Amino acid sequence: MADKEPKWALIVHGGAKEIERGDEQANRDGVRQAAEAGRRVLTDGGSAVDAVECAIRVLESLPVFNAGIGSALNAAGGIEMCAGLMDGRDRSVGAVTVIRGVRHPISVARRLLPEKEILLAGEGAFIFAREQQLELIDEGELRSDAAPAQQEHDTVGAVALDRAGHVAAGTSTGGLTGSRVGRIGDSPQPGCGLYADDRIGGVALSGDGETIARVVLASKIMNRLEVGEKPQEAITSALSELPEVGGDDADGGAIAITRDGRVGWSHNSQHFAVAYVHERMNEPGVWLAKSEDSTAP
Ligand code: GLY
């Protein structure tokens, strides 16, 4: 029954990928830390947008994830990042792509939410970050010896529902190792890598960015949620389109929360580190793959 659903909820992920042996604990600890940080925002009365930004800033700070510090190197050995944030209250979008030299791309996206523009690229995104007095960083500091050598499909993301009933979704990524300079995946594109609408819920994706964009996967999941499908089922059905369109290697994962607080996640990648928490949980649940989550909603 709707009145039994949690009044606030938060889910985060560390990317659809194969987690290297030895990195399991760092992935678990990282998503837990992000969920704890986002939970504090929500229980202190903060907004879903605040919680998503806060959780993703944690993930961007940890080199085990391909976002912010630890981002993948492109074919020229550079780091070009993308991030997106969507506010379900008014469906405003802030997103940046091929941005260089900022510590927290998600915060640049956040500052764009009230502006007319929804997506800034490259130098324009960097200039906006500088105007907003956000933290700039030498590219060398974004590189990390602790990051896995091959970062693949490793976007991070978060979705939150706050006590006021507002939904937000966010993504952040360093892209793909060895990709063409200027390549843009799904993560900053609303309807592809993320979407949020208070009337329905929110979703954030990770995975093969070109294929996710070709099938507008976030939009497909939202359509399923709108007609009442459970988030878990909506995601699982939508993800099955990836190999149909992109081939056997086109994998991904997604997290979602409905407007009434139902949480769901699924993936067809080998691993997908996830943590979620809502008002009836004492601490976040943390998993590296769906097969570990026997109590999945
Ligand atoms: N899903 C992240 C990317 O393809 O860039």
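Nothing here was measured: the structure is a model prediction, and the numbers come from that model. Both ligands and their constituent atoms are indexed starting at 1 by order of listing.
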Gly185 to ligand 1: N or O pair under 3.5 Å?
-> no
Contacting atoms of ligand 1, where contact means under 4.0 angstrom from a heavy atom of Ser187 = 1 (N), 2 (C)
Are side-chain N/O atoms of Glu60 and His104 paired as donor and acceptor at under 3.5 Å?
-> yes
Polar atom proximity, Leu176 to ligand 1 (N or O, under 3.5 Å) = no
Taking atom types as modelled, is there a side-chain donor on Ser107 or Glu53 under 3.5 Å from an acceptor on the other?
-> yes
Does some side-chain heavy atom of Leu288 sit less than 4.5 Å from a side-chain heavy atom of Asn27?
-> yes
Can you sort out which atoms of ligand 1 are near Gly207, meaning under 4.0 Å from one of its heavy atoms?
-> 1 (N), 2 (C), 4 (O)
Would you say Asp186 has any N or O atom under 3.5 Å from an N or O of ligand 1, going by distance alone?
-> yes
May I ask you to list the atoms of ligand 1 that are less than 4.0 angstrom from any heavy atom of Gly209?
-> 4 (O)
Return yes or no for this condition: an N or O of Thr155 is under 3.5 Å from an N or O of ligand 1.
-> yes
Side-chain touch Leu85/Val49, heavy atoms, less than 4.5 angstrom | yes
Side chain to side chain, Phe272 and His13, heavy atoms closer than 4.5 Å = yes
Answer whether the closest heavy-atom distance between the side chains of Gln232 and Arg262 falls below 4.5 Å.
-> no
Counting heavy atoms only, which part of Arg183 comes closer than 4.0 Å to ligand 1: side chain, backbone, both or neither?
-> side chain
